[in-house]
Trainee: 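Please see the structure below; I have some questions.
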2 protein chains.
Amino acid sequence: MHPHFETYLQTQTTLTANEISQVSSMASFRILKRNESVLFAGDICKHKTFVISGLLRNYSTSVDGSEHILRFSPENSWTLDVESYDKQAPSVINISAIEPSQVLMWNKTDFQNLLVNVPALKQLAEQLIANNTHYSSQRMLTTLSASPEEKYEDFTRRFPNLLARLPLRMIAAYLGISLKTLTRIRHAQLTR
Amino acid sequence: MHPHFETYLQTQTTLTANEISQVSSMASFRILKRNESVLFAGDICKHKTFVISGLLRNYSTSVDGSEHILRFSPENSWTLDVESYDKQAPSVINISAIEPSQVLMWNKTDFQNLLVNVPALKQLAEQLIANNTHYSSQRMLTTLSASPEEKYEDFTRRFPNLLARLPLRMIAAYLGISLKTLTRIRHAQLTR
DNA sequence: TATAAACAAGGTCATTTGACCATAATTTAC
DNA sequence: GTAAATTATGGTCAAATGACCTTGTTTATA
């Protein structure tokens with residue numbers, strides 16, 4: 001049904017072939033153009049999304065128009081606004097495609113049923129939550145303690161595969177520094 | 001056995017009296033002096049900790065001696081270094097008492113058994129994880145997008161009960177601003 | 001209660017950072 | 001393939017922030 005996703009489950013989980021097609025069959029497939037959104041601020045996050053290919057971002061826009069990025073979601077990752085999804089309350093963030101992307105989406109009730117019926121899927125979900133928790137505190141610590149240059153170097157080490165796919169302004173919006181500062185850092189690194 | 005904690009479970013969960021004493025009986029009680037630690041950076045986090053009374057902080061110290069705070073844990077909250085606990089790997093943070101405190105601690109294997117045997121405890125744990133996840137992204141967004149003054153105001157709104165219990169330098173270390181900036185903000189607010 | 005330690009606040013100064021603007025290069029979209 | 005949009009970079013400047021130091025106050029502890 002969705003061969004890429006089924007391979008993902010095969011390699012990342014212990015789901016049986018039957019369970020895999022059960023999970024896969026509940027998904028709806030969607031193609032996203034560049035800048036197309038799967039969630040708008042103010043709306044309720046009704047789906048979990050798996051990225052087959054492409055690249056998405058979770059971000060919020062301030063009143064002054066500046067953008068701040070909470071997460072990038074490349075191929076083989078999941079995304080949603082977890083607070084809006086959990087509480088079924090309006091979201092404060094947007095989720096949009098940076099590159100043309102292909103995604104699978106499950107609505108909440110379907111996915112909850114799958115979690116109950118497929119214990120190994122629940123295990124995967126818990127593992128993903130744990131990874132996210134671990135990374136969140138690391139990121140918070142870096143954000144609090146590192147200089148802009150250290151933040152950028154940490155980013156390049158952690159996401160080497162994203163570097164060339166992101167405009168610098170989005171890296172800056174993720175690190176919480178200005179584009180000016182980021183270009184200054186890169187300039188300094190060149191002449192070193 | 002630990003009446004304060006048992007009341008906490010009674011009011012926050014659906015655990016039966018029998019389950020409550022089961023959970024409670026596996027805890028070890030500990031009294032902490034001010035500045036006493038339950039976890040040192042470099043050590044492995046072997047316990048989950050519930051704070052009966054007092055106030056703890058999770059923090060990391062940089063090479064230059066500066067301190068950055070990841071979380072405060074007042075009475076009726078839980079704390080640990082979740083990454084170190086999950087992976088049983090050396091921690092990068094310290095957990096210490098800001099005030100004289102009383103805590104309960106469970107070691108990992110005991111707590112895992114409780115989670116399996118007491119489904120409502122697992123529910124509580126998942127709820128706490130969800131709360132933590134939600135707050136983490138809100139905090140990250142504030143950290144990325146807010147001015148120092150907005151960060152401080154957000155803190156006062158969110159943790160009014162902690163304000164008077166914390167030295168300003170710790171609030172600054174939590175917000176990622178300097179003590180100087182924080183005192184400037186407070187001074188400006190006075191004369192307004 | 002006395003002594004030491006921790007803390008808040010203020011002064012000064014250097015510097016990093018961001019805002020604003022212009023330009024050039026690259027990428028996107030039709 | 002061409003026009004339009006987005007993007008990266010650099011210049012200039014002002015302002016916010018932090019580093020360092022001192023002082024007075026509060027808090028802990030023995």
Side-chain angles (χ1 to χ4, degrees), chain A residues 31-36 54-55 57 59 61-69 72 96-101 143-153 155-156 162-192, chain B residues 31-36 54-55 57 59 61-69 72 96-101 143-153 155-156 162-192:
Chain A
I31 290 184
L32 301 172
K33 295 180 189 164
R34 189 170 164 270
N35 287 327
E36 197 172 352
L55 179 57
R57 77 190 197 279
Y59 68 100
T61 307
S62 303
V63 280
D64 66 355
S66 68
E67 177 178 311
H68 300 279
I69 296 181
F72 297 113
S96 317
I98 296 173
E99 304 172 353
S101 304
T143 304
L144 289 179
S145 65
S147 68
E149 177 158 17
E150 289 166 337
K151 289 177 191 177
Y152 176 63
E153 278 169 0
F155 187 87
T156 60
L162 294 185
L163 268 185
R165 299 165 68 181
L166 293 169
L168 289 187
R169 64 172 191 83
M170 288 194 190
I171 299 179
Y174 182 85
L175 298 179
I177 64 182
S178 71
L179 175 58
K180 178 82 194 190
T181 300
L182 183 51
T183 61
R184 275 198 269 244
I185 290 169
R186 289 164 52 94
H187 180 78
Q189 288 184 343
L190 283 180
T191 66
R192 191 188 296 159
Chain B
I31 290 184
L32 301 173
K33 295 180 188 161
R34 199 170 94 90
N35 287 327
E36 199 172 351
L55 179 57
R57 77 188 196 279
Y59 68 100
T61 307
S62 304
V63 278
D64 66 355
S66 67
E67 178 179 311
H68 300 279
I69 297 182
F72 297 113
S96 317
I98 297 174
E99 303 172 354
S101 304
T143 304
L144 290 179
S145 65
S147 68
E149 178 158 16
E150 289 166 337
K151 290 177 191 176
Y152 176 64
E153 278 170 0
F155 187 88
T156 60
L162 294 185
L163 267 187
R165 299 164 69 180
L166 292 170
L168 289 186
R169 62 170 192 86
M170 289 196 190
I171 299 179
Y174 182 85
L175 298 180
I177 63 182
S178 71
L179 175 58
K180 179 83 193 186
T181 299
L182 183 52
T183 61
R184 273 199 270 243
I185 289 168
R186 290 163 52 93
H187 180 78
Q189 288 183 342
L190 282 180
T191 65
R192 191 189 296 160

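Every chain is numbered from 1 and lettered A, B, ... according to where its sequence line falls, protein lines coming before strand lines. Side-chain atoms are counted along with the backbone in the values below, which use heavy atoms only and exclude waters and symmetry mates.
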Trainee: Between A:H187 and D:dG10, does any side-chain N or O lie under 4.0 Å from OP1 or OP2?
Mentor: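 True: A:H187 side-chain N/O within range (under 4.0 Å) of D:dG10 OP1/OP2.
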Trainee: Could you tell me the separation between the CG atom of A:L179 and the P atom of C:dC20, rounded to a whole number of Å?
Mentor: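 So the CG-P distance, A:L179 to C:dC20, works out to 14 Å.
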Trainee: Please give, in whole Å, the distance from C:dT27 C1' to A:E99 CD?
Mentor: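 One finds 13 Å between C1' of C:dT27 and CD of A:E99, rounded.
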Trainee: Which heavy atom of B:S101 sits nearest a heavy atom of B:L55, and at what distance?
Mentor: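 Between these two residues, the closest heavy atoms are OG-N, 3.1 Å.
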Trainee: Between D:dT26 atom C1' and B:L168 atom CG, what is the distance in whole Å?
Mentor: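 Rounding to the nearest Å, CG of B:L168 and C1' of D:dT26 are 12 Å apart.
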Trainee: Quick one: closest heavy-atom pair of A:K151 and A:T143, and the distance?
Mentor: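 Closest approach of A:K151 to A:T143, heavy atoms only: NZ-O, 3.3 Å.
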Trainee: Can you check whether B:T183 has a side-chain N or O nearer than 4.0 Å to OP1 or OP2 of C:dA9?
Mentor: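 For B:T183, the contact criterion (side-chain N or O under 4.0 Å from OP1 or OP2 of C:dA9) is not met.
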Trainee: Using whole Å, what does the distance between atom P of nucleotide D:dC20 and atom CZ of B:R169 come to?
Mentor: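 Nearest whole value for this atom pair: 17 Å.
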Trainee: Give one of base, sugar-phosphate or nothing for A:R184, where a contact means two heavy atoms less than 4.0 Å apart.
Mentor: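 Base: the residue A:R184, judged by heavy atoms under 4.0 Å, touches a nucleobase.
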Trainee: I'd like to check B:F72 versus B:I98 (side-chain heavy atoms, cut-off strictly below 4.5 Å). Are they in contact?
Mentor: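 They are in side-chain contact.
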Trainee: How many Å lie between CG on B:N35 and P on C:dA6, as a whole number?
Mentor: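 In whole Å, C:dA6 P and B:N35 CG are 8 Å from each other.
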Trainee: Measure from NZ on B:K33 to P on C:dA5 and round the result to the nearest Å.
Mentor: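 Computing the B:K33:NZ to C:dA5:P distance gives 17 Å.
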Trainee: Pick from A:R165, A:K33, A:R34: which one makes a side chain to side chain donor-acceptor pair (under 3.5 Å) with A:E99?
Mentor: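 Only match with A:E99 under side chain to side chain donor-acceptor pair (under 3.5 Å): A:R165.
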Trainee: Reading DNA chain C from 5' onward, which residue's closest nucleotide shows up sooner: B:K180 or B:M170?
Mentor: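 The answer here is B:M170.
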Trainee: Roughly how many Å is it from CZ in A:R186 to P in D:dG10, rounded to a whole number?
Mentor: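 From A:R186 CZ to D:dG10 P: 10 Å.
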Trainee: Whether A:R34 contacts C:dA29 is assessed here as follows: a side-chain N or O lying under 4.0 Å from the phosphate OP1 or OP2. Is that the case?
Mentor: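 Answer is yes, contact under 4.0 Å.
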Trainee: Can B:R186 and B:Y152 be counted as having a side-chain donor-acceptor contact under 3.5 angstrom?
Mentor: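 There is such a pair (donor and acceptor under 3.5 Å, judged by atom type) between the side chains of B:R186 and B:Y152.
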Trainee: Rounding to an integer number of Å, can you tell me how far B:I171 CD1 sits from C:dC7 C1'?
Mentor: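 Rounding to the nearest Å, CD1 of B:I171 and C1' of C:dC7 are 13 Å apart.
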Trainee: Taking for each residue the nucleotide of DNA chain D with the nearest heavy atom, is it B:G176 or A:P167 whose nucleotide lies nearer the 5' end?
Mentor: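 Residue closer to the 5' terminus by nearest nucleotide: A:P167.
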